4 protein chains.
Amino acid sequence: MFINLDFESKEPIYVQLIHQIIEGVAKKKLQPGDALPSVRSLAADIGINLHTVNKAYQQLKQDGFILIHRQKGVVVHPDGIPKADKVYKSVLKEKLHPLISESVCRSVTEEEFLQLCSQLFHEFKEETGDV
Amino acid sequence: MFINLDFESKEPIYVQLIHQIIEGVAKKKLQPGDALPSVRSLAADIGINLHTVNKAYQQLKQDGFILIHRQKGVVVHPDGIPKADKVYKSVLKEKLHPLISESVCRSVTEEEFLQLCSQLFHEFKEETGDV
Amino acid sequence: MFINLDFESKEPIYVQLIHQIIEGVAKKKLQPGDALPSVRSLAADIGINLHTVNKAYQQLKQDGFILIHRQKGVVVHPDGIPKADKVYKSVLKEKLHPLISESVCRSVTEEEFLQLCSQLFHEFKEETGDV
Amino acid sequence: MFINLDFESKEPIYVQLIHQIIEGVAKKKLQPGDALPSVRSLAADIGINLHTVNKAYQQLKQDGFILIHRQKGVVVHPDGIPKADKVYKSVLKEKLHPLISESVCRSVTEEEFLQLCSQLFHEFKEETGDV
DNA sequence: GTGGTCTAGACCACG
DNA sequence: GTGGTCTAGACCACG
């Protein structure tokens, strides 16, 4: 796997794991239906606790990113990731709010901010070949 | 004050406080040099512990938003908020990354995302009359 | 641990703790990567409140002396302590200034003063075997 | 007066005042027998509390820097400042200890440190013409 | 009155 | 078990 964790970060490990896997999906390293390692093997691989992997997987399942079959194991959701709904967009807005608030204080212009976002979007497109 | 906390939220109270004060600065409800309530009075006002307020104030001081002045008490930094530097922008990028990553997965287009950001920027401009 | 606090001193306990740990590093009793006791166990050991230990640890982390690691717990920074930069030297100068100022008033000669410093340096070298 | 205070500093104002006056003596801007402003006038001059000036003066008197006559007012001690005794030197050593300790950690060499001290000494000599 | 420091005690998220 | 957060309450130095 391509998982890269920072054990010194304030961000909990399970959250980092979730982010990394979502990033894998965004970059199409992980496609719908693709298998993910079992809780046990991923934990062993990265050298973290079973609970931690499990917590990340449960959250990803909850959010519609993965399916956990008793037997087939863990797979990226075969139907694709659920499209953004109103709830997602409102949560997204809530998360963006403090970032934009502080940026305004620090004299980051709207143009700069949008360009930064745009740049991040393009990084995904490049990796997926969707340019 | 205009502080509005959500005690049910997972976001720690001191973090919410920080966000609210930064928002106040962004919306120019708080201007450079303006006085902020003392640790004690704000704590009493909101009905939280003074240590919690103190933690928020210490962080804001660290980040250059406020000064804790021997005589004047706590004030919004009279020289204005430090402009975004490389460190800030790189942290900002790190925070935006997972948001954009998940948005890509959920088929939020770049245009939609930028528009959402733009809309948030305009909310600040409207409130400050900087339109 | 080798921590030795003076509860009668005007110096806050958390500051004393910081000094003691830095001294431990200077004397190489604590080496990069070495584990430090947890907040709780150190507090219990010394017989002080865990918040006091925590305050010291947070400061030491801030200053690059220690890492608070998700898995390993608290350790002396494995990459070694950050070398003195301009900021450190200017702060050091500010701290030395009043000491030298008063010494000048009290007719301590430059030679005496330097010798005193030199002696203190040698105490560290002796303990570390770096003579 | 040449007093220069930093109200944002963590250093209490009365301590800053003490340092400034001692510095004045070290630089011979203030000579034995010279008059100092009254508590009241100095406080008014700098714009600080009477108590604060008084506290600084009491400490300076205690340390042998000044005399406080009921009628003649405040003067730099006419007999000159008491020479450093064992107590002073031991306190000085205690204050230098953590500075050197941290410097050792941060790879400041003995030579660099001594040179910094030397430089500070020379700043006093230059100002007094004692070069 | 104000911030700084310290304590005792509690709950929770994380691993 | 560990650090993070929060509370209630207390004393002190400072101004």
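Source: prediction; values computed, not measured. Residue numbers begin at 1 in each chain, while the letters A, B, ... track the order of the sequences.
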| message | Taking the nucleotide of DNA chain F with the nearest heavy atom to each, does B:Leu50 or C:Ile68 sit closer to the 5' end? | response | C:Ile68

| field | Per B:Arg70 side chain, nearest of listed nucleotides E:dG3, F:dG15, F:dG4 | value | F:dG15

| remark: Separation of F:dT2 atom P from C:Leu67 atom CG, nearest Å, is 18 Å

| message | With nearest nucleotide decided by heavy atoms, which residue, A:His51 or B:Gly73, maps closer to the 5′ end of DNA chain E? | response | B:Gly73

| Distance-only, no hydrogens or angles: does the C:Arg40 side chain make a donor-acceptor pair with backbone N or O of C:Leu50 under 3.5 Å? | no

| request: For residues A:Val53 and A:Tyr14, determine if any side-chain heavy atom of one lies less than 4.5 Å from a side-chain heavy atom of the other. | output: no

| query | F:dT2 P sits how many Å from C:Asp45 CG, rounded? | reply | 12 Å

| query | Reckon A:Ile48 touches a base, only the sugar-phosphate, or nothing at all at heavy-atom distances under 4.0 Å? | reply | nothing

| If you take atom types as modelled and just measure distance, does the side chain of B:Arg40 reach the base of E:dG3 with a donor-acceptor pair under 3.5 Å? | yes

| task | May I have the distance from A:Asn54 (atom CG) to E:dA13 (atom C1'), rounded to whole angstrom? | result | 15 Å

| request: Using a heavy-atom cut-off of under 4.0 Å over every strand shown, decide if B:Ile13 touches base, sugar-phosphate, or nothing. | output: sugar-phosphate

| Tell me: CD of A:Gln59 to P of E:dA13, nearest whole Å? | 13 Å

| request: Kindly give the heavy-atom pair with the smallest separation between A:Glu8 and C:His69, and that separation in Å. | output: CG-CD2, 3.9 Å

| request: Starting at CD1 of B:Ile18, measure out to CD of B:Glu23 and round the result to the nearest 0.5 Å. | output: 13.5 Å

| message | Classify C:Gln58 by what it touches in the nucleic acid, base, sugar-phosphate, or nothing, heavy-atom distance under 4.0 Å. | response | sugar-phosphate

| query | So what does the secondary structure string of DNA chain E come out as, 5' to 3', with Watson-Crick or wobble pairs under 3.5 angstrom, [ ] for crossing and | for pairs with another strand? | reply | ||||||||||||||.

| field | Integer-rounded Å distance: E:dC12 C1' and B:Glu8 CD | value | 15 Å

| request: Please determine if a side-chain N or O atom of B:Lys55 lies less than 4.0 Å away from the OP1 or OP2 oxygen of F:dT5. | output: yes

| Looking for any heavy atom pair under 4.0 Å, which part of the strands does B:Tyr14 touch: base, sugar-phosphate only, or nothing? | sugar-phosphate

| Rounded interatomic separation in angstrom, taking NE2 from C:His69 and P from F:dG4 | 14 Å

| task | Answer yes or no: does a side-chain N or O of B:Gln71 lie under 4.0 Å from OP1 or OP2 of F:dC14? | result | no

| said: Please report the distance, rounded to the nearest Å, between NZ in B:Lys72 and P in E:dG1. | reply: 23 Å

| said: Using a 6.0 Å cut-off, check whether atom NZ of A:Lys29 has over 12 heavy atoms from anything other than its own residue. | reply: yes

| task | Compare the minimum distances between each of E:dG3, F:dG3, F:dT5 and the side chain of B:Pro12, then state the nucleotide with the smallest one. | result | F:dT5

| said: On the nucleotide E:dT7, are OP1 or OP2 found under 4.0 Å from the side-chain N or O atoms that C:Thr52 carries? | reply: yes

| said: To the nearest 0.5 Å, what is the distance between CD1 on D:Ile21 and CD1 on D:Ile3? | reply: 5.0 Å

| Between F:dT5 atom P and B:Leu5 atom CG, what is the distance in whole Å? | 15 Å

| said: Would you say NZ of A:Lys61 has more than 12 non-hydrogen atoms from neighbouring residues, nucleotides or ligands within 6.0 angstrom? | reply: no

| message | With a 4.0 Å limit, can you tell me whether D:Asn49 has a side-chain N or O closer than that to the phosphate oxygens OP1/OP2 of F:dC14? | response | no

| query | Between A:Val15 and D:Lys10, which is nearer to the 5' end of DNA chain E once each is assigned its nearest nucleotide? | reply | D:Lys10

| said: Quick check on E:dG1: is either OP1 or OP2 less than 4.0 Å from any side-chain nitrogen or oxygen of B:Ser38? | reply: no

| said: Is any side-chain heavy atom of A:Val76 closer than 4.5 Å to one of A:Phe65? | reply: no

